[in-house]
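Taking it in order: structure first as structure tokens, then the write-up.
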Amino acid sequence: MTDTDAGEGPADEADDDELTYADAGVDIDASEAATAALVGAVGESEGDYAGLLDIGDRYLALATDGVGTKLIVAEALGDYSTVGIDCIAMNANDLVAAGVRPVAFVDYLAVDEPDERFAEQVGEGLSVGAERADIELVGGETAVMPEVIKGLDLAGTCAGLADKDALFPGEAEPGDALVGFRSSGIHSNGLTLARTATTRDHEYTDDCPFEGYETIGEALLEPTRIYTNLLDPMREHGVNAAAHVTGGGWTNLERMGDFRYVVEDAFDPHPVFEFVQSEGNVSDEEMHRTFNMGTGFVAALAPDDAEALAAATDGRVIGHVEDGSGVSIRGLDL
């Protein structure tokens with residue numbers, strides 16, 4: 001696998017240009033249009049973050065996702081030990097956002113040629129991720145496809161179960177408070193923009209300019225936080241809806257309903273976000289439309305219950321819901 005973003009860059013004067021996700025190679029609008037076309041062809045399914053199948057007194061829920069171009073950073077460092085955690089996290093967290101308890105996971109590893117070294121490391125990460133999510137690994141598939149894959153790709157599917165009365169209602173209400181929960185870092189979204197920005201003048205193996213990591217690549221590989229431990233307290237405190245802040249950044253809050261989400265006290269971004277923004281000359285708006293910016297999960301619920309939820313967890317009240325549309329955060333309207 002070759003990181004096409006990390007080779008020789010454009011002329012120095014072009015390096016100062018403001019970088020966007022689309023410039024880096026990912027056009028969110030085009031992606032959403034393609035997704036809509038696919039959904040239109042196969043038909044709508046019940047559920048948002050997860051597909052829901054009625055099996056009598058319960059729902060069987062399924063979510064599928066992959067690690068994305070974070071794998072390019074792993075290859076550059078020769079360290080695949082954490083990407084399995086990301087693979088499980090991106091799926092399990094989507095189930096949690098629907099109010100579903102994840103129970104089992106299957107992975108799909110596609111490679112251009114078999115390699116015991118990185119296969120073992122991927123397996124180690126999957127094992128750690130399963131333990132953190134409190135789920136079972138129940139199998140998977142490794143496919144060798146040299147004419148299709150260059151390097152490797154890692155994805156998976158997570159299954160969950162929920163009693164019908166245990167699902168979150170799925171829509172926020174005006175007047176609800178927003179409780180946010182800290183992310184661990186970039187997680188596994190927006191890496192194409194992060195990689196393009198950081199490799200304008202650096203290599204992944206360069207010393208990290210901020211504390212906590214030896215190299216820039218290590219900071220980008222910080223694994224995604226898994227939020228399954230929040231499921232019980234969110235149910236106990238009457239959460240109306242929840243959002244996993246992934247691709248699309250803070251616009252994910254709009255998945256909780258067509259309201260206006262006013263964020264007044266979000267967690268501060270991790271240093272890695274400040275580094276990406278400065279290296280890529282990325283605007284504040286683009287950063288918040290692409291990354292979680294320090295907050296990886298958000299729940300909407302009644303104000304009194306929100307204070308109690310925050311006190312019972314590591315969350316905090318970060319804003320509120322009102323009539324209208326869009327997301328307002330740090331003076332930005334997204």
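Positions are given from 1 along the sequence. Keep in mind that what you see is a predicted model, and the values were worked out from it rather than measured. The figures here come from the full heavy-atom set of this structure, side chains too, leaving out hydrogens, waters and symmetry mates.
- Checking side-chain atoms of His237 against main-chain N and O of Pro233 turns up a donor-acceptor pair under 3.5 Å.
- Sorted by first and then second residue, the salt bridge (charged side-chain N to carboxylate O under 4.0 Å, His left out) pairs with a member in residues 217-245 read Arg101-Asp232, Arg225-Asp314; sequence neighbours excluded.
- The side-chain heavy atoms of Val111 and Phe118, taken from C-beta on, include a pair separated by under 4.5 Å.
- The closest donor-acceptor contact from the side chain of Lys70 to the backbone of Asn189 lies at 3.5 Å or more, if one exists at all.
- Among pairs with a residue in residues 128-140, none fulfils salt bridge (charged side-chain N to carboxylate O under 4.0 Å, His left out), at least two apart in sequence or across chains.
- Residues satisfying the ring-ring contact (aromatic ring centres under 6.0 Å, His included) test with His270, not counting sequence neighbours, are Phe273.
- Val138 shares a hydrophobic cluster with Val106; the chain of contacts runs through ILVMFWY side chains whose heavy atoms sit under 4.5 Å apart.
- For the pair Thr228 and Pro102, the minimum side-chain heavy-atom distance is below 4.5 Å.
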Check against side chain to side chain contact (heavy atoms under 4.5 Å, CB included), Asp65 and Thr246: CA-CA 11 Å; Asp65 204 347; Thr246 57; over 6 Å; no
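- Remark: Phe267 pairs with no residue by the ring-ring contact (aromatic ring centres under 6.0 Å, His included) rule, at least two apart or across chains.
- The backbone N or O of Glu286 sits less than 3.5 Å from a side-chain atom of Ser283, completing a donor-acceptor pair.
- In terms of the ring-ring contact (aromatic ring centres under 6.0 Å, His included) criterion, Phe105 has no residue partners (sequence neighbours excluded).
- Without hydrogens or angle criteria, Asp94 side chain to Ala50 main chain gives no donor-acceptor distance under 3.5 Å.
- Val282 is connected to Leu191 through a chain of hydrophobic side-chain contacts under 4.5 Å among Ile, Leu, Val, Met, Phe, Trp and Tyr, so both are in one cluster.
- Across every non-hydrogen atom of Gly217 and Val73, the tightest pair is O-CG1, 3.6 Å.
- Contact annotation: the side chain of Glu285 approaches that of Leu334 to within less than 4.5 Å [non-hydrogen atoms, C-beta and beyond].
- Contact check for Ile216 versus Phe275: side-chain heavy atoms found under the 4.5 Å cut-off.
- Cluster membership check: Met293 shares its hydrophobic cluster with Val276, using side-chain heavy-atom separations under 4.5 Å among Ile, Leu, Val, Met, Phe, Trp and Tyr.
- Side chains of Glu124 and Tyr80 form no contact here, defined as non-hydrogen atoms less than 4.5 Å apart.
- Side chain of Asp163 to main chain of Asp165: no donor-acceptor pair is present (N/O by atom type, distance under 3.5 Å, no hydrogens or angles).
- The minimum heavy-atom distance linking Cys87 with Gly156 is given by the pair SG-N, 3.7 Å.
- In this structure, Met234 and Val96 have side chains that are in contact, with non-hydrogen atoms separated by less than 4.5 Å.
- Listed by first and then second residue, the salt bridge (charged side-chain N to carboxylate O under 4.0 Å, His left out) pairs involving residues 169-194 amount to none (not counting sequence neighbours).
- Considering every non-hydrogen atom in both Leu95 and Cys158, the closest pair reads CD1-SG, 3.7 Å.
- Among pairs with a residue in residues 293-305, none fulfils side chain to side chain donor-acceptor pair (under 3.5 Å), at least two apart in sequence or across chains.
- In terms of modelled atom types and a separation under 3.5 Å, the side chain of Asn93 and the main chain of Met90 share no donor-acceptor contact.
- Scanning for ring-ring contact (aromatic ring centres under 6.0 Å, His included) contacts around Phe259 gives an empty result, with sequence neighbours left out.
- With Asp206 contributing its side chain and Glu203 its backbone, the two residues share a donor-acceptor pair below 3.5 Å.
- The main-chain N or O of Pro169 is never found under 3.5 Å from a side-chain atom of Asn240 such that the two would form a donor-acceptor pair.
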Val239/Val179 under side chain to side chain contact (heavy atoms under 4.5 Å, CB included): CA gap, chis, key distance, verdict: CA-CA 10 Å; Val239 163; Val179 176; over 6 Å; no
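- Taking the side-chain hydrogen bond (donor to acceptor under 3.5 Å, both in side chains) definition, one finds that Gln277 meets it with Asp284, sequence neighbours left out.
- At least one side-chain heavy atom of Leu71 sits less than 4.5 Å from a side-chain heavy atom of Asp153.
- Within the structure, the salt bridge (charged side-chain N to carboxylate O under 4.0 Å, His left out) test picks out the following pairs touching residues 250-268 (sequence neighbours left out): Asp48-Arg255, Arg260-Glu322, Arg260-Asp333, Asp265-Arg316.
- For the pair Phe210/Glu274, no side-chain contact is recorded, criterion being any heavy-atom separation below 4.5 Å from C-beta on.
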Step-by-step side chain to side chain contact (heavy atoms under 4.5 Å, CB included) determination, Leu332 to Trp250: CA-CA 11 Å; Leu332 303 171; Trp250 280 84; over 6 Å; no
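- Annotation: side-chain contact (heavy atoms from CB on, under 4.5 Å) contacts of Ala98 (sequence neighbours excluded): Val100.
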Side chain to side chain donor-acceptor pair (under 3.5 Å) assessment of Ser188 paired with Thr224: CA-CA 7 Å; Ser188 199; Thr224 304; 5.0 Å; no
